[in-house]
Number of protein chains: 2
Amino acid sequence: MVSFTLKQLRYFEALARHRHFGHAADVCAISQPALSMQIKELEGSLGAALFERSARSVRLTGFGEEFAARAREILRAVDELSELARAARDRLSGRLRIGIIPTVAPYLLPAIIGELSRLFPGLDLNLRETITPRLIRELTEGRLDTAVVALPISERGLAEVPLFSEEFVLVRPHGDAGKPVPDRESLREMRLLLLEEGHCFRDQALSFCDLRHARPRELLDGSSLATLVQMVGAGIGVTLIPEMAVAVETRSAPVSVVRFADPAPQRTIGMIWRNTSPLARQLAEVADVVRAAAAKTRDVGKAQAGMPGAG
Amino acid sequence: MVSFTLKQLRYFEALARHRHFGHAADVCAISQPALSMQIKELEGSLGAALFERSARSVRLTGFGEEFAARAREILRAVDELSELARAARDRLSGRLRIGIIPTVAPYLLPAIIGELSRLFPGLDLNLRETITPRLIRELTEGRLDTAVVALPISERGLAEVPLFSEEFVLVRPHGDAGKPVPDRESLREMRLLLLEEGHCFRDQALSFCDLRHARPRELLDGSSLATLVQMVGAGIGVTLIPEMAVAVETRSAPVSVVRFADPAPQRTIGMIWRNTSPLARQLAEVADVVRAAAAKTRDVGKAQAGMPGAG
DNA sequence: TATATCGATAAGCAGAGCTGATGGTGAGCT
DNA sequence: AGCTCACCATCAGCTCTGCTTATCGATATA
């Protein structure tokens, strides 16, 4: 296999341009003998002469001309590649695959997308919304770069950083507004509407109500928080939703929202990624952005909803 | 300036394909540590990670994916370049710029072109027909690779190899056939038609007739041997032409051709090239081909013309 | 003939890059 | 839980590449 080096190609290109060993060597920041040797080496490995040396002139051979044209193409591509690396080095850019759980996605995504696009113009955001187990699987398999989920995950091999905590609030028919805030025990007496199996939020809600092993007929599963709230508005039952969903979901339904008394149920949303991910540093940066976006979203949400405080 | 080597690119490509340091190292015929170090080095010089290593798997990062695509393009171009060199190494190929003097070109070119094209399919023949001084100039300036001229040239810096020698023959009107063969002295009494100034053949003919300083009105200049022969046919005078031109030029004119008695005038046709030409080896090969082609042409010419022998 | 220019060559040295051995870590089996 | 295996990173040592300075040889110039 004929083999030459990029260095030789660069030296060659310089010599082809200057047609003078001394000058070309200066440009390459090496001594003239070094250039002579590398050119000789290159010609040797090619098995053909690139230059025709006479005492007074250095000329490209016909083969050298063609070689030079192609060599320049290659060097251009190589420089482009270096440029690509330089661009990708610090600034987050290129494809970034983020997974988000469904009980966060609708409320956080607009802000996340907006902020990330604004801060990292070269970013190609690739979003995936599904339940935690699938996110974890896709993350560990390398099909996602990071995911926004409820902590803790405690999956070995995955790093997790908290973003924010949010309380769960009770959503009940509008007519119930003003009634006393139910505690965990009285919740069990109500018809609780929950998300389908697989959603972590369902498990968290059940856990709060100590209803882990509730009889199925007491519950009714919805496929999204929006559905649940609409069902509550229709008087079918009550439900829990995370604080962040309040502004969006309770706007168009005759429901009332109330916080629980301490200890109020809550969850911590965080970001996770592989411990081995080379993007770790940039992902931490992304986490900061998401955290800020979430705070902003919650503030706006509270203002819009005139969120009632319950303690 | 970020800089990596082709070797690193090849190693990287192998690892990107196999996703396994050991296997990739085997393919590259190096040890696993060597591969690890080169990849690490590459990532270091790029300032970004190409692979994500975990204990059980080696995966390309997003950046690595893009890098791999471009790296493969570059490696392909490099291999193509090597291939180009290999093709150019032994077999003569690519552009070959040949100059030929006008008193040889019409008679030798068909055979030369045919033979060279047949023997070197990759050859791009670039022909130039002009007088010797211009050929020499273009040759020394690197605008020609070789030239076919009458020897000797005795130009320092140019190598010359003889191809063949050919006699000059006398062309006289058809009615003169059978008349005694004139010697050099009697030639001076005839009206001699010659090529314009600058043609070496003119000088050679004049030299033979010892007419170096002949009075202009005794001569008549033609721009080609064909013209001269037609003029002879019209009874305007006599001329000398090289043996090789006989078959072609005397076919369509009422002229007779006769050889001179010994010592017959003659010239040696040869090939010349720059001493510094890297094509020297291949040009010597071309010389062999041209020599053979010339011999063949002369044989065919003699047979066709029923060339009269005069000695 | 003397001088300047320019590429090739020589000698010596620093460092790149390879090998074989070893370390560390996570996965899977018992 | 502990053992073992697979796999990549690291280390020490050696070889050879590739650089430098100094010098040579050839050629054009004055």
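Just so you know, these numbers use all the heavy atoms, side chains as well, and skip hydrogens, waters and symmetry mates. Letters A, B, ... are given to chains in the order of the sequence lines, protein chains preceding strands, and every chain is numbered from 1. Remember, it's a predicted structure, so these values are computed and weren't measured experimentally.
- Only at 4.0 angstrom or more do the heavy atoms of residues 12-25 of chain B sit from any atom of DNA chain C, so none qualifies.
- Closest approach of B/Leu15 to B/Ile39, counting heavy atoms only: CD2-CG1, 3.8 Å.
- Counting to the nearest Å, the P atom of D/dC8 and the CD atom of B/Glu43 are 13 Å from each other.
- At whole-Å resolution of the value, CZ in B/Arg59 and P in D/dC8 are 13 Å apart.
- Residues meeting the salt bridge (Lys or Arg N to Asp or Glu O under 4.0 Å) test with A/Glu41, sequence neighbours left out: none.
- Using a 4.0 Å cut-off, no side-chain N or O of B/Arg53 falls inside it from OP1 or OP2 of D/dC7.
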Determine, for nucleotides 19-30 of chain D in 5'-to-3' order, which nucleotides have protein heavy atoms under 4.0 Å from the base (write B), from only the sugar-phosphate (write S), or from neither (write -).
BBBB----SS--

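- Contacts of A/Glu196 classified as salt bridge (Lys or Arg N to Asp or Glu O under 4.0 Å), with partners at least two apart in sequence or in another chain: none.
- The CD-P distance, from A/Glu41 to C/dT9, rounds to 13 Å in whole Å.
- Not a single side-chain hydrogen bond (donor to acceptor under 3.5 Å, both in side chains) links B/Asp124 to another residue, sequence neighbours left out.
- Pairing each heavy atom of A/Ile272 with each of A/Thr146, the nearest pair is O-OG1, 2.7 Å.
- One atom, CG of B/Leu6, and another, P of C/dA16, lie 18 Å apart when rounded to the nearest Å.
- What you find for B/Thr61 and B/Ala49 is that their closest heavy atoms are OG1-O, 3.0 Å.
- Residue A/Ile39 contributes atom CD1, which lies 14 Å from atom P of C/dT9 at whole-angstrom precision.
- Put simply, the side chain of A/Arg97 never gets that close to the backbone of A/Asn126: no donor and acceptor are under 3.5 Å apart.
- With sequence neighbours left out, A/Arg19 forms a side-chain hydrogen bond (donor to acceptor under 3.5 Å, both in side chains) with no residue at all.
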